[in-house]
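The shown structure was predicted, so the numbers you read here are calculated from the model rather than taken from an experiment.
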Amino acid sequence: MPPLLRVLVLALAAQTVLDAAGIGLGWSHAPWSTRLAEVAALLLDLAMLAALTIGVEWVRRLLRLGAAIGVAIDTVLVTLLVGHGADAGAVATGVALLGGSLFTLWALGHRSVQAWVFDRWLVRHRL
């Protein structure tokens, strides 16, 4: 697995752990609809993590599309935060989200990641 993809897998694994911790911490006070949405998000995180780890092309493309959408949303968010004089913590959070989206977009489009995913596809199809 290329180093860039390892970084993304570790970040997604950390996000999954944080989602699970968030569910555990707020579970008793949350309504059933919130619990259902949180569990669905956790299951989606796990499915994407597994698919990305084994090198599934459509997941790479889906995550790359999500990152591109994230770049657009995060850019608007940071612009609004700065324009409305938000505190440094809020702006730093927005910039961190933007940086994460940009890194994900770049890394999933990197030649080494594309080649590795293609090689995994060849192995799965015994070609």
Under 4.5 Å between side-chain heavy atoms, counting indirect links through other Ile/Leu/Val/Met/Phe/Trp/Tyr residues: same cluster for [X] and [Y] or not?
| X | Y | value |
| --- | --- | --- |
| Val59 | Leu49 | yes |
| Leu10 | Phe103 | no |
| Leu8 | Leu62 | yes |
| Ile73 | Leu98 | no |
| Leu36 | Leu44 | no |

So which heavy atom on [X] is nearest to which on [Y], and how close?
| X | Y | answer |
| --- | --- | --- |
| Ser112 | Leu4 | OG-CD1, 4.4 Å |
| Trp116 | Pro2 | CG-CD, 3.4 Å |
| Ile23 | Val39 | CD1-N, 4.0 Å |

Show which side-chain atoms of residues 14-21 pair as donor or acceptor with protein atoms under 3.5 Å away, not counting sequence neighbours.
| residue | atom | partner | partner atom | Å |
| --- | --- | --- | --- | --- |
| Gln15 | NE2 | Asp19 | OD1 | 2.8 |
| Thr16 | OG1 | Leu12 | O | 2.8 |

With heavy-atom distances below 4.5 Å as the criterion, would you say the side chains of Trp121 and Val56 are in contact?
no
Inspect the contact between Arg35 and Glu38 and indicate whether a charged nitrogen and a carboxylate oxygen are less than 4.0 angstrom apart.
no
For a quick check under 3.5 Å, do Trp106 and His110 share a side-chain donor-acceptor pair by atom type?
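No, because no side-chain N or O of Trp106 sits under 3.5 Å from a partner of the opposite role on His110.
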Residue among Ile69, Asp74, Thr75 satisfying side-chain contact (heavy atoms from CB on, under 4.5 Å) with Ser101:
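Exactly one option meets the side-chain contact (heavy atoms from CB on, under 4.5 Å) with Ser101, and it is Asp74.
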Looking at CG of Leu5 and OG1 of Thr53, how far apart are the two atoms once the value is rounded to the nearest 0.5 Å?
7.5 Å
Rounded distance (nearest 0.5 Å) linking atom CG of Leu52 with atom CG of Leu108
6.5 Å
Do [X] side-chain atoms and [Y] backbone N/O form a donor-acceptor pair below 3.5 Å?
| X | Y | answer |
| --- | --- | --- |
| Arg120 | Ala115 | no |
| Glu57 | Phe118 | no |
| Arg6 | Met1 | yes |

Go through the steps for Leu105 and Arg64 under the test side chain to side chain contact (heavy atoms under 4.5 Å, CB included), then give the verdict.
CA-CA 5 Å; Leu105 181 64; Arg64 194 154 192 255; 3.6 Å; yes
Verdict with reasoning, Asp87 to Val91, per side chain to side chain contact (heavy atoms under 4.5 Å, CB included):
CA-CA 6 Å; Asp87 65 357; Val91 173; over 6 Å; no
